[in-house]
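Keep in mind it's a predicted model, so treat the numbers as computed, not measured. Just so we're on the same page: letters track the sequence lines, and every chain starts at 1.
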Amino acid sequence: MSKKFNEIPMGGNILEPGSAMQYKTGGWRAERPKHTPDDCLWLKNGTCLLCWIFCPDNAVKIAEKDGKRTYAFDYDYCKGCGICANECPNSCIEMESE
Amino acid sequence: MSVKLKDMIQSPQIMSSGHRMCAGCAAPPIIKIMGFALRGPTIICNATGCLEVATTIYPQTAWRIPWIHVAFENVAAVASGIVEGINAMKEKGRYKHEHVDVIAIGGDGGTFDIGFGSLSGALERGHDFVYMVYDNGAYQNTGIQRSGATLPGQETTTSWAGKAEPGKRERKKPIAEIVAAHRIPYVATVDPFHYRDFITKFRKALEVEGPAFIHAFSPCPRGWRSESSKSMELAKLAVETGIHPLYEIINGDEYIMSAPSKNLTELKPVDEYMKLQGQFKHLFSPQWEDFRKQVQEQVTADWERLKKKCGIA
Amino acid sequence: MNVPIPASKWRVSDEMTAATKSSKTTESSSNIEGLTGDAAIARALKQCDIDVLSAYPITPQTIIVEDYQRFFADGEVKTKVIPVESEHSAMSACIGASAAGARVATTSASAGLALMWEVLYCASGLRLPIVLAVANRALSAPINIHNDWSDSYGARDSGFIQMYCQSCQEAYDTTIMSFKIAENHSVLLPAMVCIDGFILSHNVEHVELLPDEVVRDFIGIRDPAQVLDPDKPITIGPICFTDYYFEVKEQQDRAMKEVFRVYKEVESEFEKISGRSYGIYETYRTKDADIVLLTHSSPAGTAKAVVDALRDRGERVGLLRLKLFRPFPAAEIGKELASAKAVAVFEKCLSFGAAANPLALEVRTALYEQPKRPLVTDFVIGLGGRDVPPTVIVEGYNKTKQYLEKGKAPFYETLGVRK
């Protein structure tokens, strides 16, 4: 930070795509989502993913490898908006106070 | 285009985490869903507004595809220049990409109001680009001032609800229809809740030759005084109450009602949409009972008019 | 005290309106045509093979775009001409195209330039080379289509390079050079090429055109520095707060200073292909001059004739004709004028409420550090296209002489107005 005029790119351009990742927004959170895997359709049969689609902060981390599916929240970025909990059709996500 | 979850998972995220949009803002999901519809190299032009400011706070950017912001009222003109600059360089044999899609994004202030001249000009000139407005119903970025997209009865910091006034009195500009009147090949209304409908339409918008316009409904917890968790629910309710019906307009006059709207047996009362938001709270006092009824009548009348245009009895 | 001069003395010879040097190096392949200033600029733009021309009609620059649209209609150019709905969009489209890596130009004047104002600063702040031909015209109100410099002088802080031309030939030559200056990687700034509305824009003069291939080889293809490229995605135009905005402006200021060097380099190359050069300013009979007249554009031609006539009467007078107003060559001009007793500035702009007017403010600043600071008089002339006959220049000269005797001059005064 605090670079001199000749140490930054021309015209205020930002050359590194997605560099906002350096800024962790998790500190904004008042409530954190908690995922109960039992009825999660993604884990069950690889469908739904409304929480992942609607998450404004890409804080729902899902993966599928060799038929195995995983699910986690990225608390570095989750702002605790609660959209995931509100939209989950099977009420697998609950918001808990930080 | 078919919208498969499998493909969506594989699709690169065009905007990263770490942006400073408010918690629960619907604009980032709108961008994410738009990203699922992309078909190749793409350049984004962003008008001044929440999205522009909160995603590119120097020295960091959330954008992973080429992105430019110039000013508030000119995003369609900037996009015009990019499209034609690329076309010229291509014709002269000095552009490496076979095709690049150009998307202009503006908020409702930058689209309905200050950027309207620039938008209209670009539509008339017929550049091959997509313009998307994310409509959160006011100048939220500058502190919730009324815009041409603000609904009647909506309280903003320049249309207060007071002893004498029910918030904004005037109706919302029917922007999709105004844009369609330019006889451009494709106009569609979308919302993030109905994301499959959104992706399909956005892809169509990219694929048509010439300008296309997408009107995306974007709930704003900060400005609307709604719970941050309710943004997708509000988007859904806006469709179900007829506040933001989903439809397409082909070549300016062929209206097609989209499934989520078409499948409604009847509209839900607008009250259900309003009740979730602090900005309409005053309308539920006896003083504004009649005004609220008038808003409902207007929404119903607009819905009937739209149905007629779509050939639905 | 006043020096009467017979009317026959007021004939400006061809030599005076042509370039300072005109030794021809390419006479076999050159081609002379009668062109207006606007038409000359259109021809230059055509030869520069611009990718995008985005412009909106306003008198008196319209001919540039009309001519260019004819080239387009006849299939003579591969340029994409964007007939935008406003000047604001004209500059905005230029910004977009330039950011995509294209070579771009636009033209405007007066109210049109005023409508562009906001985005002029965006073009320079984003460090995008764009050539903007301005046919200088007065600003409303009252509405007036004729020449003064209020429009581009008003934009003097916008970060555009500003070059003022005195002849149609110079307009043609400068337009060609402007791309090479603006696109230079030490500069990367937009540039205005200014001609006096009607006086030059609509006045036919002999213009020697260079062969297409000579111009093409001279300016080459634009090599953009940082562009909107899907293979290397960058963010252009983010929000910079208190922590970095100032550093970005420091860069911009330094880039502007590079223009002096780059201008000279480009012009010396241009001289090789054309035999013509102008300099960032031109001096005429200033060597032993007690009083130096200082102006630019069309009044400079008139002032040259006045200098000759006054010299015939034994007056020790010369002329400094400025070409580059932004960046302002303060150090060089300061030195150049250091030995004069007085400098009489003639400018077609009134800066309401200011201590003096834009050109004189610069000149006074440039001279402030000189050990024997010359007296500077500031004459506002020719607003709204009011004719500037030699008598007005002579009146300014005579007044300067009087003030010199008194050792005191007003900050500025208007000349040629009924009062």
Checklist entry - Has the side chain of Tyr244(C) got a donor or acceptor atom that lies under 3.5 Å from a matching backbone atom of Ser2(A)? => result yes

Checklist outcome for this item: To the nearest 0.5 Å, atom CG of Leu15(A) lies from atom NZ of Lys232(C) at 5.5 Å

Next on the checklist: Please determine whether the number of non-hydrogen atoms from other residues, nucleotides or ligands lying under 6.0 Å from atom CD of Glu94(A) exceeds 12.
Outcome noted: no

Checklist outcome for this item: Nearest heavy-atom contact between Gly12(A) and Pro238(C) is O-CG, 3.0 Å

Checklist entry - More than 12 heavy atoms of other residues, nucleotides or ligands under 6.0 Å from NZ of Lys264(C): is that the case? => result yes

Item to check | Approximate separation, where rounding is to 0.5 Å, of Ile234(C) CD1 and Glu16(A) CD | outcome: 13.0 Å

Next on the checklist: Can you tell me which portion of Ile239(C) sits under 4.5 Å from chain A's heavy atoms? Options are side chain, backbone, both or neither.
Outcome noted: neither

Next on the checklist: Is it the case that atom NZ in Lys335(C) sees more than 12 heavy atoms from other parts of the structure closer than 6.0 Å?
Outcome noted: no

Checklist entry - Hey, does Asn13(A) have a side-chain heavy atom less than 4.5 Å from the side chain of Arg127(C)? => result no

Next on the checklist: Surrounding NZ of Lys249(C) (heavy atoms of other residues, nucleotides or ligands, distance under 6.0 Å), is the total greater than 12?
Outcome noted: yes

Item to check | Glu369(C) atom CD, neighbour heavy-atom count above 12 within 6.0 Å | outcome: no

Checklist entry - How far does CD of Glu7(A) sit from CD of Glu247(C), to the nearest 0.5 angstrom? => result 9.5 Å

Next on the checklist: Is it the case that the side chain of Gln251(C) and the backbone of Ile8(A) share a donor-acceptor pair, with hydrogens and angles ignored and the cut-off at 3.5 Å?
Outcome noted: yes

Item to check | Nearest-0.5 Å distance, CG of residue Asp243(C) to NZ of residue Lys3(A) | outcome: 12.0 Å

Checklist outcome for this item: In short, Val248(C) meets Gly11(A) closest at the heavy-atom pair CG1-C, 3.8 Å

